[in-house]
Amino acid sequence: MQVRVDVSQVPPVVEVREADDLSRFSVAVVAPSHAWVRPEVLAELSGREGDEAWQEKLAGMVRFADSQGWVDDAGRVRAHVEVERGDA
């Protein structure tokens, strides 16, 4: 049996596959290779909304990303998705 969790969907899709195969059990997580993030969300989550120096550095990062084609029409920046493994 396998539980498949697709976090690339909103909300995430969870399904059980091969429910009759009880000789094995796994959880498969499907994640996108990239995510799109609004720069203002980065400032909010980091607590740096009022930090002008940090805001200037963020703007520089966004300009560089834009020059590489990593900013979409909505102004969101493309980020690599990294999977961290932890012991459960």
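No donor-acceptor pair under 3.5 Å is formed between the side chain of Gln55 and the backbone N or O of Gly50.
Atom CD of Glu52 sits about 13.5 Å away from atom NZ of Lys57, to the nearest 0.5 Å. How far CZ of Arg4 is from CD of Gln2: 8.0 Å, rounded to the nearest 0.5 Å. Here CG of Leu58 is found 9.5 Å from CZ of Arg63. Values are rounded to the nearest 0.5 Å.
Closest approach of Pro32 to Ser8, counting heavy atoms only: CD-CB, 3.6 Å. Of all non-hydrogen atoms in Ala65 and Val77, the two that sit nearest each other are CB-CG1, 4.0 Å. Heavy-atom minimum distance, Val16 versus Ala19: CG1-CB, 4.0 Å. Residues Trp36 and Trp70 approach most closely at CZ3-O, 3.5 Å, considering heavy atoms. Looking at every heavy atom in both residues, His34 comes nearest to Val81 through C-CG2, 3.7 Å.
Phe25 and Val30 end up in different hydrophobic clusters when Ile, Leu, Val, Met, Phe, Trp and Tyr side chains are linked at under 4.5 Å. In the hydrophobic clustering of this structure, Val3 does not group with Val13; members are Ile, Leu, Val, Met, Phe, Trp, Tyr whose side-chain heavy atoms approach within less than 4.5 Å, directly or through other members. Trp54 and Leu45 are not part of a single hydrophobic cluster, where members link through side-chain heavy atoms under 4.5 Å apart.
Counting heavy atoms from C-beta on, the side chains of Met1 and Glu18 never come closer than 4.5 Å.
A 6.0 Å sphere centred on CD of Gln68 holds more than 12 heavy atoms belonging to other residues, nucleotides or ligands.
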